[in-house]
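Quick note: numbers below take in every heavy atom, side chains included, and nothing from hydrogens, waters or symmetry partners. Labels below follow one simple rule: chain letters A, B, ... track the order of the sequence lines, proteins then strands, and each chain is numbered from 1. Keep in mind that what you see is a predicted model, and the values were worked out from it rather than measured.
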2 protein chains.
Amino acid sequence: MELQKVDGRKARGEKKRRAIVEATLRVIERDGVAGVTHRSVAREAGVPTTAPTYYFATLDDLLIATLLWSAEELCDDMLKIVASGGCAREIARSLAKAVNENRSRTLAEYELYLLAGRRPELRPAARRWLDRAVEVARPADPVAFRAFLAAIDGLLMQGLIADVAPNEDELEPIVSFLIRGCDDLTAAPREQ
Amino acid sequence: MELQKVDGRKARGEKKRRAIVEATLRVIERDGVAGVTHRSVAREAGVPTTAPTYYFATLDDLLIATLLWSAEELCDDMLKIVASGGCAREIARSLAKAVNENRSRTLAEYELYLLAGRRPELRPAARRWLDRAVEVARPADPVAFRAFLAAIDGLLMQGLIADVAPNEDELEPIVSFLIRGCDDLTAAPREQ
DNA sequence: CAACTACCTGAACAAGTGTTCCACAAGTTT
DNA sequence: AAACTTGTGGAACACTTGTTCAGGTAGTTG
């Protein structure tokens, strides 16, 4: 009991810290990275103006913390897409969901990508889902798999700038084309 | 002579206007959309602080004008990639150039994409190269072609967040995989 | 030449920014 | 209990932002 006893103050603080990060992500989803200010985040999180400054030395630190955290969600989302049993229908469904129901989240995730392009420290986080995808899929044909991963990014981005986002029926044939040849994406290690 | 005589004042104004747009694009390439302010643009263009406001009612108008204009360059660049004679080597070379020599320009172009995601008025411009690509290529297999176009976006984006951007040798096999089946992308109807 | 017009800009303003500071509240330890 | 640590938040500061505006300047016209 005494062992895992933690300072109640720190516990509450840590909770608030996470609340601030989550509020920041909501702001990014709504208004983009440009809309992130100490005050807008504080308002969104329902904390005083100075709270974000207290928990994060600088606005940049808050942004980076938020994006690193959101990168894990990106990773999960993407892996869910990739590992949809290698079935084109499932993959197409996930992609369609990303550009429709989860549009703002997807948009936020690509803001992360872009920011990573300018800030090397964010790159490992932004790239993580790509590395993990290769790990879990163990593709028989690495080249085909890289093409597949690239196309996922492209389909999502292009889906975000379409007048009406594509649905799963439109996406399915394209996905089919991409995964033909890597019949079962997760198959490789068996015979080798 | 008298016919095409234009007010010298207006001519100078139009020139300055274009200089401001070009300066804005340079700022975007260097610091991203976030770095665009009346003052930063004015400094870059070597004009007084109020000049951008004079020529563009609002900062947003300036940003939109710049992005619409840059979208034409994006279109040209992308078409150059797509229409590299349908040869994988050429396409790979163009892609490698985009993420190396022209890295900052490519980054700026994806800022346009992302902004278009949030501002419907920018979407037609951002999408233009996709439509034009289909026009000029007249692909025999539209599905394969869409997959190819998506993969271009993905390869570029992923190239931008890599620790070391890929070179043409790494890209070539992936491109080859993508255009297999659409042997000659520009082949379909040869009836001129 | 002067009159006119259209373009241009320096100074200024209100609003919003990141951040600091300090008094104080809440929790923990001695 | 007192002494300490940690969390909290209102006021304030220096600074940057977008935008306005009145006066000035260059180009055109009579």
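- Across the protein-nucleic acid pair, Ile20(B) atom CD1 and dG18(D) atom P stand 14 Å apart, rounded to whole Å.
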At a cut-off of 3.5 Å, list every protein nitrogen or oxygen paired with a nitrogen or oxygen from nucleotides 17-21 of chain C, distance to 0.1 Å.
| from | atom 1 | to | atom 2 | distance (Å) |
| --- | --- | --- | --- | --- |
| dG18(C) | OP2 | His38(A) | N | 3.1 |
| dG18(C) | N7 | Arg39(A) | NH1 | 2.8 |
| dG18(C) | O6 | Arg39(A) | NH2 | 3.2 |
| dT19(C) | OP1 | Thr58(A) | OG1 | 3.0 |
| dT19(C) | OP2 | Leu59(A) | N | 2.9 |

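- The shortest side-chain heavy-atom distance between Phe148(A) and Ile91(A) falls under the 4.5 Å cut-off.
- Within the 4.5 Å cutoff, the side chain of Lys97(A) has no heavy atoms near those of the Arg93(A) side chain.
- Closest of all the heavy-atom pairs between Leu160(A) and Arg103(A) is O-NH2, 2.8 Å.
- Rounded to an integer number of Å, the gap from CZ of Arg17(A) to C1' of dG7(D) is 13 Å.
- Every pair passing ring-ring contact (aromatic ring centres under 6.0 Å, His included) that includes a residue from residues 111-134 of chain A is listed here, sequence neighbours excluded: Tyr110(A)-Tyr113(A).
- Asn100(B) places a side-chain N or O within donor-acceptor distance of the main-chain N or O of Pro166(B), the cut-off being under 3.5 Å.
- Between Gln158(A) and Leu130(B), the closest heavy-atom pair is NE2-CD2, 3.6 Å.
- Contact check, Lys16(A) against dG9(D): a side-chain N or O comes under 4.0 Å of OP1 or OP2.
- Shown here is Arg128(B), whose CZ atom has no more than 12 heavy atoms of other residues, nucleotides or ligands within 6.0 Å.
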Could you write out each protein N or O paired with an N or O of nucleotides 23-27 of chain C at a distance under 3.5 Å?
| from | atom 1 | to | atom 2 | distance (Å) |
| --- | --- | --- | --- | --- |
| dG27(C) | N2 | Arg9(A) | NH1 | 3.1 |
| dG27(C) | N3 | Arg9(A) | NH1 | 3.1 |

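- Other residues, nucleotides and ligands place no more than 12 heavy atoms under 6.0 Å from the CZ atom of Arg18(B).
- Taking atom OH of residue Tyr54(B) and atom P of nucleotide dA6(C), one finds them 10 Å apart after rounding to whole Å.
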